[in-house]
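What follows is a set of notes on a single structure, which appears directly below.
Computed from a predicted model, the values in this text were never measured in an experiment.
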Amino acid sequence: MRHSVAASGASTQQGRQAPRGWTPIVVGNLVGLLFALVALSTKVVACCCSIATSARAIGKPGADAALWGLIVAAGLVLGSIPLLVGLAIVLPVLGHSTSHLYRKLIEPAPAPVPVKKSRKRTA
């Protein structure tokens with residue numbers, strides 16, 4: 001009993017249209033959402049605090065955040081081209097630079113030290 005390509009394509013099309021075919025997709029996405037929520041909420045900084053910090057960060061340099069998002073997206077695309085092997089280089093570089101940029105963004109700038117004017121003494 002041979003399985004033809006046409007029959008295989010028809011069964012795939014039928015599986016996408018059947019409500020039963022959508023169940024694993026929806027359940028998988030919901031499980032992924034739960035994992036993401038747990039991962040985000042168990043960070044060192046509380047979730048609500050990190051959301052407020054991120055909102056402040058995006059509010060300051062909105063164009064900078066958008067540019068960094070484009071750089072991350074381009075890096076992921078370029079790393080994915082060579083059969084995902086390039087991601088072994090791209091992901092650590094992006095993670096390292098993202099952590100440095102985040103620290104630089106949330107740390108307050110050091111206060112300038114006032115320079116005392118020296119008075120000339122006349123004798």
Side-chain angles (χ1 to χ4, degrees):
M1 189 178 200
R2 290 190 167 180
H3 191 62
S4 69
V5 175
S8 173
S11 66
T12 304
Q13 186 67 17
Q14 182 183 10
R16 277 191 236 137
Q17 292 175 351
R20 196 175 58 155
W22 283 100
T23 303
I25 295 171
V26 172
V27 170
N29 281 324
L30 290 174
V31 170
L33 174 67
L34 289 175
F35 278 124
L37 289 174
V38 168
L40 287 174
S41 63
T42 58
K43 298 290 179 192
V44 175
V45 180
C47 187
C48 59
C49 183
S50 65
I51 290 172
T53 303
S54 296
R56 266 195 325 251
I58 290 174
K60 288 181 185 173
D64 292 341
L67 177 64
W68 181 244
L70 288 174
I71 290 171
V72 168
L76 292 175
V77 168
L78 290 174
S80 299
I81 290 173
L83 300 174
L84 304 177
V85 174
L87 291 177
I89 296 170
V90 171
L91 288 176
V93 170
L94 287 176
H96 181 74
S97 54
T98 299
S99 67
H100 280 280
L101 288 172
Y102 185 74
R103 276 193 218 137
K104 190 174 183 179
L105 188 66
I106 63 170
E107 286 179 358
V113 178
V115 178
K116 293 183 180 179
K117 295 181 181 179
S118 61
R119 292 188 247 168
K120 287 187 175 181
R121 294 185 184 196
T122 55

Would you say the side chain of His100 lies within less than 4.5 Å of the side chain of Lys104, judging by non-hydrogen atoms? no
Count I, L, V, M, F, W, Y as connected when their side-chain heavy atoms are under 4.5 Å apart, and connections chain through other members. Are Leu94 and Leu84 then in the same cluster? yes
Would a hydrophobic clustering, with Ile, Leu, Val, Met, Phe, Trp and Tyr connected at side-chain separations under 4.5 Å, put Leu78 with Ile71? no
For the CG atom of Asn29 and the CH2 atom of Trp22, what is their distance to the nearest 0.5 Å? 9.5 Å
Would a single hydrophobic cluster contain both Val72 and Val90, if residues Ile, Leu, Val, Met, Phe, Trp and Tyr are joined by side-chain heavy-atom contacts under 4.5 Å? yes
Gly21 versus Pro24, closest heavy-atom pair with distance: O-CD, 3.4 Å
Residues that, via side-chain heavy atoms closer than 4.5 angstrom, fall in one hydrophobic cluster with Val26: Leu30
Which atom pair, heavy atoms only, marks the closest approach of Leu76 to Leu87? O-CD2, 3.8 Å
